[in-house]
Amino acid sequence: MNSIASPFLESGPAASQRTGLAGEPVLCVEAVSKTYGTHRVLENITFQMRAGEVIAIIGPSGSGKSTLLRCINQLEPPNEGRVTIGGVTIDAGRSPSRRDLVALRRKIGMVFQSFNLFPHLSVLRNVSLAQERTMGRSRKGADERSMDLLARVGLADKASQYPARCSGGQQQRIAIARALALEPEIMLFDEPTSALDPELGLEVLAVMKELALSGMTMIVVTHEMHFAENVSDRVILMAEGHILEEGPSAEIMRAPKTERAAKFLSAVRDR
């Protein structure tokens, strides 16, 4: 794993190594609901997060976790509620202006289950291209920033290669570098290890833990229970489109209050 060779949990819980979180919320999700036809996917989701906080969203498949992320960055506009990030508010009751939509998405980095890299571009160009087009950076400036980030995720030696020559774990780390290159205020991760075998998944989790320790604000939809308990500050446990429980990670993971949460955690405890 090059420069990220240390085991994922080697240095202990990341949350305990960060300083206290303070200040105004950087993200407010207020009464967000989402419906597809007659199917209610999200129901009255409300929470806030502060700069530097890491939130893990867990729950059974089909509980609305990924849809919630897509509603936050407006890839799926909610039917009800509002989302505010860094002073930019999008209300479900009105069509957002293109300016507001661009401003909101500019504050968010998104990493999906699939890597979505351009197969015909080198690793370096995959990370640099969006910087040039959305931030107006010169090719030289973008490439310098890209090389710094590729080094950060342990892949500087892959810069001239094409994605097909990289493993799945390496491709996901490239996708993380690409998202970071646009300097987002919040990073959203939608089950970033679900398409990887366990060993390659650990490479990605190690990078995400390093980001958490560096103070990056992150929301992570995950089935990795060790990550949820040991790296995140807070866990949101969802079921059937609702927030079932929310609180400090250790509290939710070790002492759930509801029978439904306890049953889910018992089934996935060792993952």
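Starting from 1, each residue takes its place in the sequence as its number. Every heavy atom of this structure was used, including side-chain atoms; hydrogens, water molecules and symmetry mates were not.
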Under the salt bridge (charged side-chain N to carboxylate O under 4.0 Å, His left out) test, which residues partner R137, sequence neighbours left out?
-> E183

Please confirm whether the backbone N or O of E191 pairs with a side-chain atom of S194, one donor and one acceptor, at under 3.5 Å?
-> yes

Check salt bridge (charged side-chain N to carboxylate O under 4.0 Å, His left out) between R70 and all other residues, then give those that pass, not counting sequence neighbours.
-> E76

Polar side-chain atom of T46 near backbone of A31 as donor-acceptor pair, under 3.5 Å = yes

Do you know which two heavy atoms are closest between P78 and A92, and how far apart they sit?
-> O-CB, 3.3 Å

Is the closest side-chain donor-acceptor distance between T217 and E185 under 3.5 Å?
-> no

Any luck finding a side-chain donor-acceptor pair between Q131 and S146 under 3.5 Å?
-> yes

Could you walk me through whether S160 and R125 pass the side-chain hydrogen bond (donor to acceptor under 3.5 Å, both in side chains) test, one step at a time?
-> CA-CA 9 Å; S160 62; R125 290 304 295 153; over 6 Å; no

Using a 3.5 Å cut-off and no angle test, enumerate the donor-acceptor pairs between side-chain atoms of residues 97-105 and protein atoms at least two apart in sequence or in another chain.
residue: S97; atom: OG; partner: D100; partner atom: N; Å: 3.0
residue: R105; atom: NE; partner: N73; partner atom: O; Å: 3.1
residue: R105; atom: NH2; partner: Q74; partner atom: O; Å: 2.8

Mark yes or no for whether D91, through its side chain, and R82, through its backbone, hold a donor-acceptor pair below 3.5 Å.
-> no

Can you check whether L124's main-chain N or O pairs, donor with acceptor, with S128's side chain at less than 3.5 Å?
-> yes

Counting only heavy atoms not in E240, do more than 12 fall under 6.0 Å of its CD?
-> no

With sequence neighbours left out, the residues meeting salt bridge (charged side-chain N to carboxylate O under 4.0 Å, His left out) with E80 are R40

Which residue pairs pass the salt bridge (charged side-chain N to carboxylate O under 4.0 Å, His left out) test with at least one member in residues 58-67, sequence neighbours excluded?
-> none

Just jot down the salt bridge (charged side-chain N to carboxylate O under 4.0 Å, His left out) partners of K257, sequence neighbours excluded, or say none.
-> E251

Under 3.5 Å, is there a donor-acceptor pair between the side chain of S63 and the main chain of G241?
-> no

